Amino acid sequence: MDDVFLVASELINNAIKETPGELILFRLSREEPFLTVAVWDSSPRRPYVRRPPNAAEGGLDISPGSWDDNGGWGLPIVTALAVDCGCGKDPRGGKWVWARLKP
């Protein structure tokens, strides 16, 4: 169940960053034997995998002013934990980003 919480957190965080201050929707559904986590936001822009910094080569900036600029791990985490994941346009606008997990 920890994987489901982590994936939900990553997808929600991405939606908040994409559309700050706007409505987002969260849906959790079960279709045996899978759980599907889905998050809607109003942006039509598809998510993309950003190359995370290479921590082993000193790529992380841990200075106080930049501690939150070391992102890029979210979608790689989602794809690693999910059985399947994707993004689809909502006919009413925006998009749903989803991940299917086997608990």
Side-chain angles (χ1 to χ4, degrees):
M1 205 50 130
D2 290 342
D3 290 351
V4 174
F5 290 125
L6 180 56
V7 167
S9 172
E10 293 296 342
L11 295 182
I12 291 167
N13 188 48
N14 286 350
I16 290 170
K17 285 183 178 181
E18 182 68 20
T19 57
E22 294 184 29
L23 176 72
I24 62 168
L25 302 174
F26 171 78
R27 182 175 21 185
L28 179 64
S29 59
R30 183 170 184 94
E31 298 168 30
E32 289 289 340
F34 302 107
L35 287 174
T36 301
V37 175
V39 178
W40 176 89
D41 67 58
S42 61
S43 172
R45 194 165 62 149
R46 296 179 61 84
Y48 63 94
V49 177
R50 204 172 78 179
R51 186 171 168 250
N54 188 334
E57 295 176 3
L60 294 178
D61 182 356
I62 57 172
S63 64
S66 299
W67 70 270
D68 201 29
D69 294 335
N70 294 299
W73 302 95
L75 289 178
I77 290 170
V78 171
T79 58
L81 296 176
V83 173
D84 193 14
C85 58
C87 176
K89 287 185 178 181
D90 187 309
R92 296 165 294 193
K95 66 179 174 298
W96 283 95
V97 180
W98 57 270
R100 187 169 292 121
L101 294 98
K102 191 168 183 180

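Only a predicted model underlies this, so the values are computations on that prediction, with no experimental measurement involved. The chain is numbered in sequence order, starting from 1.
- In this structure, Leu28 is a member of the same hydrophobic cluster as Val78, with clusters built from ILVMFWY side-chain heavy atoms closer than 4.5 Å.
- Shown here are the side chain to side chain contact (heavy atoms under 4.5 Å, CB included) partners of Thr79, two or more places apart in sequence or in another chain: Cys85.
- Trp40 does not carry Arg27 over the face of its six-membered ring by the limits of under 6.0 Å from the centre and within 45° of the normal.
- In the hydrophobic clustering of this structure, Val97 groups with Phe26; members are Ile, Leu, Val, Met, Phe, Trp, Tyr whose side-chain heavy atoms approach within less than 4.5 Å, directly or through other members.
- Between the CZ atom in Arg100 and the OG atom in Ser29 there is a gap of 8.0 Å [rounded to 0.5 Å].
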Let me see the working for Lys95 and Asp41 under salt bridge (Lys or Arg N to Asp or Glu O under 4.0 Å), right down to the final yes or no. CA-CA 6 Å; Lys95 66 179 174 298; Asp41 67 58; 2.6 Å; yes

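- Scanning for side chain to side chain donor-acceptor pair (under 3.5 Å) contacts around Asp84 gives an empty result, with sequence neighbours left out.
- Legend: residues meeting salt bridge (Lys or Arg N to Asp or Glu O under 4.0 Å) with Arg45, ordered by chain and number and at least two apart, are Glu18.
- Ile12 is connected to Ile77 through a chain of hydrophobic side-chain contacts under 4.5 Å among Ile, Leu, Val, Met, Phe, Trp and Tyr, so both are in one cluster.
- For Ser9, the side chain to side chain donor-acceptor pair (under 3.5 Å) test picks out no residue, with sequence neighbours left out.
- Atom-to-atom distance recorded for Asn14:CG and Cys87:SG is 11.0 Å, nearest 0.5 angstrom.
- In this structure, the separation between CG on Leu101 and CZ on Phe5 is 12.0 Å, given to the nearest 0.5 Å.
- When the options Thr36, Val37, Leu81 are evaluated for a side chain to side chain contact (heavy atoms under 4.5 Å, CB included) with Val4, the one that passes is Val37.
- Listed here is the closest heavy atom pair of Thr19 and Ser42: CG2-OG, 3.6 Å.
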Tell me, with the steps shown, if Val39 and Leu25 meet side chain to side chain contact (heavy atoms under 4.5 Å, CB included). CA-CA 6 Å; Val39 178; Leu25 302 174; over 6 Å; no

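- A single hydrophobic cluster is not seen to contain both Trp96 and Ile24; linkage of ILVMFWY side chains at heavy-atom distances under 4.5 Å, directly or through other members, places them apart.
- Note on Val7 and Ile16: same hydrophobic cluster, where clusters join Ile, Leu, Val, Met, Phe, Trp and Tyr whose side-chain heavy atoms are under 4.5 Å apart, directly or indirectly.
- For Lys102, the side chain to side chain contact (heavy atoms under 4.5 Å, CB included) criterion is met by Pro33, Phe34, Val83, not counting sequence neighbours.
- Here Glu32 pairs with Arg30 under the salt bridge (Lys or Arg N to Asp or Glu O under 4.0 Å) rule; sequence neighbours left out.
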